[in-house]
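I have placed the structure first, in the form of structure tokens, so that the comments after it can refer back to it.
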Amino acid sequence: MAYAAGVYSVTLILFITWLLMKAEIEVCKKGVVTVSPARTVLFGSTINISCSLKPKEGCSHPSNFQKLTFYQNRLRVHSQKSHLLTMQVSNLRLGTTVFVCKVSCGGHVESQVCGADISVGVTPEQPQNLSCSQLGEHGNVVCTWNKGRDTHLYTVHILQLTGPNNLDLEKQRAPYGDDLDLGISLSPASPEANYTAKVVASNSLGNSSSLPLVFSFMDIVKPLPPSDIRADFPNLSANLCTLQWQDQGPAVLNRLQFRPVHENAWKTVHITNSGGRYDLYNLKPFTEYEFQISSKLHSVKGRWSDWSKLLRTQTPKEEPVGMLDVWHMVDDLEGGLRNISLFWKNMSVSEARGNILRYQVTIREVTRNSSDVPHTLENFTSHTHFAVVLPQKDYAVAVSAVNSEGSSSPSWTFIPRQPREAPRNVLAKPQGTDGIRVTWEPPHGAATLVKEYLVEWRALGTGNSPSSPINWGRLPTVNMSTVISEHVRPHLCYQIRLCALWGDGAGCARTWADLTSKEPLTGPRVQNATAGKGTASVTWDEIPAQEQMGCLLHYKIYLQEPRSQSPSHIFEIPYEVANTSRLIRGLRPGVTYVLWMTASTAAGEGPRGNERELSLEE
Ligand SMILES: *[C@@H]1O[C@H](CO)[C@@H](O)[C@H](O)[C@H]1NC(C)=O
Ligand SMILES: *[C@@H]1O[C@H](CO)[C@@H](O)[C@H](O)[C@H]1NC(C)=O
Ligand SMILES: *[C@@H]1O[C@H](CO)[C@@H](O)[C@H](O)[C@H]1NC(C)=O
Ligand SMILES: *[C@@H]1O[C@H](CO)[C@@H](O)[C@H](O)[C@H]1NC(C)=O
Ligand SMILES: *[C@@H]1O[C@H](CO)[C@@H](O)[C@H](O)[C@H]1NC(C)=O
Ligand SMILES: *[C@@H]1O[C@H](CO)[C@@H](O)[C@H](O)[C@H]1NC(C)=O
Ligand SMILES: *[C@@H]1O[C@H](CO)[C@@H](O)[C@H](O)[C@H]1NC(C)=O
Ligand SMILES: *[C@@H]1O[C@H](CO)[C@@H](O)[C@H](O)[C@H]1NC(C)=O
Ligand SMILES: *[C@@H]1O[C@H](CO)[C@@H](O)[C@H](O)[C@H]1NC(C)=O
Ligand SMILES: *[C@@H]1O[C@H](CO)[C@@H](O)[C@H](O)[C@H]1NC(C)=O
Ligand SMILES: *[C@@H]1O[C@H](CO)[C@@H](O)[C@H](O)[C@H]1NC(C)=O
Ligand SMILES: *[C@@H]1O[C@H](CO)[C@@H](O)[C@H](O)[C@H]1NC(C)=O
């Protein structure tokens, strides 16, 4: 609508301008303007234009000289003291140029004699790419073509259609139309009957006609798009999808395109004589797909219909495939018990093939005595971890993922009472900002029996709660090093375990590393400092994890005598996880010391913690 309104207002302005110019030109009481060869000329032409006064219309006083002047688009271009003014004009621009002739007497005010508007344009080009189509059996024939360059002149396009039964039709295209509706429809009754169409473009400089276009109903009809498209899964599985739709007319060819909604590329199939039905095999389960269909009336000729409305549907769920990646940790407890913690990773959407509702955990005691009935524990969880306290025996554990359609194959792990041999010389060092590089050597013994290595890392100090993230990755046995780059942040200390996975259990070695460190933010808080004879027992609290700023390397205990300027004793204690007590010797009896502690990372020593008085016995 906005476009049409724009066209109309432009047309209106042009029309008013033309009227004003016309008014200027048509006042020709005093004389005439003649143009040769014509008032409409080909671009590049030269014209002669002359202005002459009618008898008795000259200046009244013969002593007054009279002067004629030509204006071209309101600019003075030529003038002469005469009855007759002639000039030759070339280089006229495309479009309309207005010439006005005026007279003045004795240098007084000019008055109008006459005017002429000259139209400069080109002949129409041959109309190109004429094409016609008919939408459905009952639609009208609509033709389009390319007009070619602008002629700058009023140019008429007329389409002529001839055909059987003496059909002879002529129709003119509206000035601003892009296509031409012939107002008739070809009949499917004689689908092969030939029609001929031709377009003639003409203006006052000439005419030009398109190549004739010969077509039949079959060639130009564009069927209406298929409707009522639907998809069924008769086996309730994504393996078989039956599509059905309604063709609008006697379609012999269909094309179907489909894709999962989040993919870009369509898959296309062509189907002949489908009867409105097609079976698709092996779609991905639990995936939203979109489908659309178009049709054609002839296997070779004719046009494709537009695509049908898009059908979106989700394929059915199926039982999960693949196996979970399961890892475990074992803590020995008092009383011959052990805490077995299992962890596993989420399945990918393509493996899960539905919403994972829960995980099934199976723990089976492994006995060598075949007459024993193995003790089996089964449980379900919706989390990706599970912990259980059991007597110290050999176990086989399995976890599988369960969706509404079934469960994945269980992934079995053997967890023996005794750990197997661990890799040697496990070292971890920061490698710039890329991550932490871990290197190791194979375990002693038959290292060729190692199936794979597993590197496990978790931030220290986040406690042993199951919600604290534990990360792991598996490596082939050719690898003797790896770089941990995911889920590591600066200024945190990571416990890294490198495990050799044998067929019948795992052996792990531990180390610690940080990506980068800073000095600790606080010092250790001394809990208790009790004095003996020349000795003292000190206990303290670990610095909270978020204040350690990296892996702690050592503590220092400072003892300073009253009124002294500097500490008299400094004890450096290598850091050990969970060791927060120390017995110190070699102190002077009877002295009262002030005691404090610091902690250090690779970046340096942190501030001192609280101060305590320590009075040694005499
Ligand atoms: C215009 O005038 C010139 C000289 O007066 C003449 O040679 C020429 O043929 C004229 N051209 C036309 C198109 O009348
Ligand atoms: C006419 O159609 C042909 C082929 O489709 C194309 O290459 C050409 O550019 C078209 N001509 C015009 C003027 O649009
Ligand atoms: C229409 O024209 C084609 C060739 O352009 C010709 O083979 C066919 O026989 C014609 N059809 C009829 C019905 O005349
Ligand atoms: C096109 O121009 C030619 C002369 O150039 C003329 O004989 C013919 O009648 C014109 N055709 C139309 C449709 O105007
Ligand atoms: C669908 O189910 C039928 C009958 O149960 C079976 O014969 C056919 O092989 C199944 N098709 C697929 C693709 O699974
Ligand atoms: C067993 O370990 C899990 C974490 O892996 C922990 O949450 C749980 O408290 C532990 N159970 C016992 C009895 O130590
Ligand atoms: C695993 O999947 C669950 C449910 O889809 C989601 O809540 C959880 O964040 C996922 N965990 C990871 C580590 O991707
Ligand atoms: C196997 O178990 C049975 C019954 O529990 C017991 O009598 C037998 O001694 C056991 N054998 C061995 C080799 O432990
Ligand atoms: C199964 O898990 C639930 C919840 O964790 C627990 O209450 C129950 O005791 C477990 N059953 C067995 C047999 O371990
Ligand atoms: C395993 O070793 C190969 C060759 O040294 C190396 O390209 C690859 O990155 C290593 N894999 C991992 C996970 O570190
Ligand atoms: C400090 O140690 C003494 C002696 O060992 C003990 O009696 C006292 O309870 C301890 N105090 C704290 C706060 O641990
Ligand atoms: C703490 O360290 C001291 C000295 O190195 C050692 O004797 C003691 O066994 C350690 N305690 C623990 C719980 O590791």
Side-chain angles (χ1 to χ4, degrees), residues 130-132 161-167 186-198 211-221 231-243 269 277-286 289 297-298 300-302 315-319 321 326-345 353 359 361 363 377 379 381-392 395 397 399 405-406 413 415 456-472 495 497 499 506 508 510 577-578:
L130 172 60
S131 77
C132 299
L161 180 69
T162 57
N165 305 326
N166 299 323
L167 176 71
L186 305 193
S187 155
S190 43
E192 304 285 348
N194 286 332
Y195 295 78
T196 306
K198 196 172 84 172
L211 295 175
L213 173 71
V214 179
F215 55 81
S216 66
F217 170 84
M218 230 9 137
D219 293 320
I220 65 159
V221 79
D232 296 304
F233 299 91
N235 286 15
L236 300 179
S237 120
N239 284 341
L240 176 61
C241 170
T242 300
L243 286 167
V269 283
R277 187 193 156 102
Y278 187 69
D279 286 343
L280 272 175
Y281 295 94
N282 298 326
L283 299 182
K284 293 184 209 166
F286 195 53
Y289 273 88
L297 299 184
H298 191 276
V300 184
K301 291 180 175 183
T315 55
K317 300 166 193 168
E318 286 178 31
E319 64 187 26
V321 287
V326 182
W327 179 230
H328 62 273
M329 277 181 9
V330 178
D331 291 316
D332 287 333
L333 307 175
E334 286 167 2
L337 295 176
R338 51 197 335 209
N339 184 5
I340 299 181
S341 311
L342 301 171
F343 305 89
W344 53 93
K345 293 183 180 173
R353 310 210 295 182
Y359 298 95
V361 180
I363 301 179
L377 178 154
N379 214 333
T381 176
S382 57
H383 302 119
T384 52
H385 50 82
F386 183 83
V388 63
V389 175
L390 293 169
Q392 291 193 358
Y395 296 98
V397 305
V399 186
E405 307 305 308
T413 314
I415 305 178
E456 171 207 293
W457 66 102
R458 70 194 305 178
L460 269 191
T462 44
N464 275 347
S465 72
S467 60
S468 89
I470 174 168
N471 310 285
W472 69 93
Q495 173 189 281
R497 286 206 305 159
C499 304
C508 302
R510 259 197 319 188
V577 176

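The chain is numbered in sequence order, starting from 1. Heavy atoms only: backbone and side chains are in, while hydrogens, waters and symmetry mates are out. Atoms within each ligand, like the ligands themselves, are counted from 1 in listed order.
- The protein residues lying under 4.0 angstrom from ligand 3, judged by non-hydrogen atoms, are Glu192, Asn194.
- Among residues two or more places apart in sequence or in another chain, the side-chain contact (heavy atoms from CB on, under 4.5 Å) test is passed with Ser190 by Ala193.
- No side-chain heavy atom of Leu211 sits less than 4.5 Å from a side-chain heavy atom of Leu130.
- Ser216 and Asn194 are not linked by any side-chain donor-acceptor pair at a separation below 3.5 angstrom, with hydrogens and angles left out of the test.
- Side-chain atoms of Asn379 do not come within 3.5 Å of backbone N or O of Val361 as any donor-acceptor pair.
- With sequence neighbours left out, the salt bridge (Lys or Arg N to Asp or Glu O under 4.0 Å) criterion links Lys198 to no other residue.
- Taking distance alone, with nitrogen or oxygen atoms compared against 3.5 Å, Asn235 approaches ligand 5 more closely than that limit.
- Residue Val389 approaches ligand 6 through these ligand atoms, each under 4.0 Å from one of its heavy atoms: 13 (C).
- Shown here are the side chain to side chain donor-acceptor pair (under 3.5 Å) partners of Arg510, two or more places apart in sequence or in another chain: Gln495.
- Looking at ligand 6, you won't find any N or O of Asp331 less than 3.5 Å from one of its N or O atoms.
- Taking 4.5 Å as the limit, some side-chain heavy atom of Leu240 sits within range of a side-chain heavy atom of Tyr281.
- Counting heavy atoms from C-beta on, the side chains of Phe386 and Trp344 come closer than 4.5 Å.
- For ligand 6, the atoms sitting less than 4.0 Å from at least one non-hydrogen atom of Ser341 are 2 (O), 3 (C), 4 (C), 5 (O), numbered in the order shown with element in parentheses.
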